[in-house]
Number of protein chains: 2
Amino acid sequence: MLGKTTEYAIRALVYIYIQNMERERPGFKEIAKMIDSPEQFTGKVLQNLARAELVSSMKGRGGGFFFNEPTNPITLFKVIEAIEGKEYFSKCGFGLKRCDANNPCPLHDDYAHVRDSFFKMVNEKTIQSLANKINKREATLNRL
Amino acid sequence: MLGKTTEYAIRALVYIYIQNMERERPGFKEIAKMIDSPEQFTGKVLQNLARAELVSSMKGRGGGFFFNEPTNPITLFKVIEAIEGKEYFSKCGFGLKRCDANNPCPLHDDYAHVRDSFFKMVNEKTIQSLANKINKREATLNRL
DNA sequence: TTATAAAAAGACATAGAGGTCTTTTTATAT
DNA sequence: ATATAAAAAGACCTCTATGTCTTTTTATAA
Ligand code: FES
Ligand code: FES
């Protein structure tokens, strides 16, 4: 459903948050290793996230990526929006120019339901909630 | 969610089915016009669908695309499978190599639910059922 | 104040999706 | 038989997602 870029972004932010809890500021090479993503490309993705102010970074010795605290919870939607664009959850599933409930495509009723539950989910889940699941060993960050 | 190619494919098949009910065998130029898709590319997509035996075609004067009757209902899943590949509904939403409920990613429970309702939908909806909605004027094929 | 370690930046490369153009094949009507 | 109309095929093209390589900037430690 989501592009690889967005997947890397979410996993990277979760890892950064976990490390921040240990008072660490990981760099992109370490992050890429831990989330199993291409190193340089992960750097680029993090640059974009920093520009979008979803994460902070410091250059130089001892630098790396981190969240300013207190951090407002970052929903997955914010990450998706920043990378895939604002229209991601309003497109017609049948491919029409616009989704319009008043002049629907033949898929509209069912598709809109699925799309909206996806939308609901990414608005409920946050980088922080995913990180907590991993810290409680209820879920895994990677499959190395 | 779905690629443009798949969207064209579904709309094209629906249009062909509607025309077949009127004893017509539309060609790809007519189809592309009616579903508002790029002409030549739509031809290619239909070639692939014909190879996958989701539709039949006849060359030569009076030729075009059609369904052999009696046609088994074609689920949207069959179309998606033919174009996007078999893994479309089994991927991990967090980007891990495999989705595994026994060693889940932190998104698994919620993502799998959304993914499975999408899967259920595309297995219930058929080219025929969408075409019928359009014929009953309950939905539109295009937005010209 | 110099060396070092880190992100930022920019140029480039690759693959796949999406799309166009031209030629070939084939069925039908005349 | 010949002209015509249609899909099939194949060679391209373009754009976007994804990914790599090299250089620059900047903060810190020694
Ligand atoms: S009109 Fe197609 S999904 Fe709403
Ligand atoms: S393990 Fe990630 S969705 Fe199932």
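Within every chain, numbering begins at 1; the chains are lettered A, B, ... in the order of the sequence lines, protein sequences first and strands thereafter.
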Exercise. Which whole-number value in Å describes the distance from E30(A) CD to dA6(C) C1'?
Worked result: 12 Å
Problem set entry | Residue whose nearest DNA chain D nucleotide is more 5′ - G3(A) or M58(A) | G3(A)
Problem set entry | Whole-Å gap separating P (dA7(C)) and CG (N48(A)) | 15 Å
Problem set entry | Side-chain N or O of R25(A) closer than 4.0 Å to phosphate OP1/OP2 of dA7(C) | no
Exercise. Is the shortest side-chain N/O distance from R51(A) to OP1 or OP2 of dA9(C) below 4.0 Å?
Worked result: yes
Exercise. Phosphate oxygens OP1/OP2 of dT18(D): is one of them under 4.0 Å from a side-chain N or O of T5(A)?
Worked result: yes
Seminar exercise, completed: DNA chain C nearest-nucleotide lookup for R61(A) and I31(A): closer to the 5′ end is R61(A)
Exercise. Given atom CZ of F41(B) and atom C1' of dA7(D), what is their separation to the nearest angstrom?
Worked result: 17 Å
Problem set entry | Minimum-distance nucleotide to Q47(B) side chain [options: dT4(D), dA8(D), dT18(D)] | dA8(D)
For this session: Looking at every strand, decide which applies to K44(B) at a 4.0 Å heavy-atom threshold: base, sugar-phosphate, or nothing.
Result: base
For this session: Please report, rounded to the nearest Å, how far the P atom of dT20(C) is from the NZ atom of K4(B).
Result: 11 Å
For this session: With DNA chain D as reference, determine whether E39(A) or G63(A) sits nearer its 5' end, using the nearest nucleotide of each.
Result: E39(A)
For this session: With heavy atoms under 4.0 Å as the rule, sort G64(B) into base, sugar-phosphate or nothing.
Result: sugar-phosphate
Problem set entry | Separation of dA17(C) C1' from Y88(B) OH (nearest whole Å) | 13 Å
For this session: Decide whether T75(A) and T126(A) meet the rule of one side-chain donor and one side-chain acceptor closer than 3.5 Å.
Result: no
Problem set entry | F118(A) and F89(A): CA distance, side-chain angles, deciding distance, ring pair (Phe, Tyr, Trp, His ring centres under 6.0 Å) verdict | CA-CA 8 Å; F118(A) 193 23; F89(A) 292 98; 5.5 Å; yes
Exercise. I83(B) has an atom CD1; how far is it from atom P of dG19(C), in whole Å?
Worked result: 13 Å
Problem set entry | Pair N103(B)-T140(A), side-chain donor/acceptor within less than 3.5 Å | no
Problem set entry | Phosphate-side-chain proximity, S57(A) and dA8(C), N/O vs OP1/OP2 below 4.0 Å | yes
Exercise. Rounded to whole angstrom units, what separation is found between the NZ atom of K59(B) and the P atom of dA29(C)?
Worked result: 18 Å
Problem set entry | Closest nucleotide among dT28(D), dA7(C), dT22(D) to the Q40(A) side chain | dT22(D)
For this session: Tell me whether the centres of the aromatic rings in F119(A) and F77(A) are closer together than 6.0 Å.
Result: yes
For this session: Establish, with yes or no, whether the OP1 or OP2 oxygen of dG19(D) is under 4.0 angstrom from a side-chain nitrogen or oxygen of Y8(A).
Result: yes
Seminar exercise, completed: Atom CZ of F28(B) and atom C1' of dA8(D) are separated, to the nearest Å, by 9 Å
Seminar exercise, completed: When rounded to the nearest 0.5 Å, the distance separating CD1 of I83(A) from CG of N48(A) is 7.0 Å
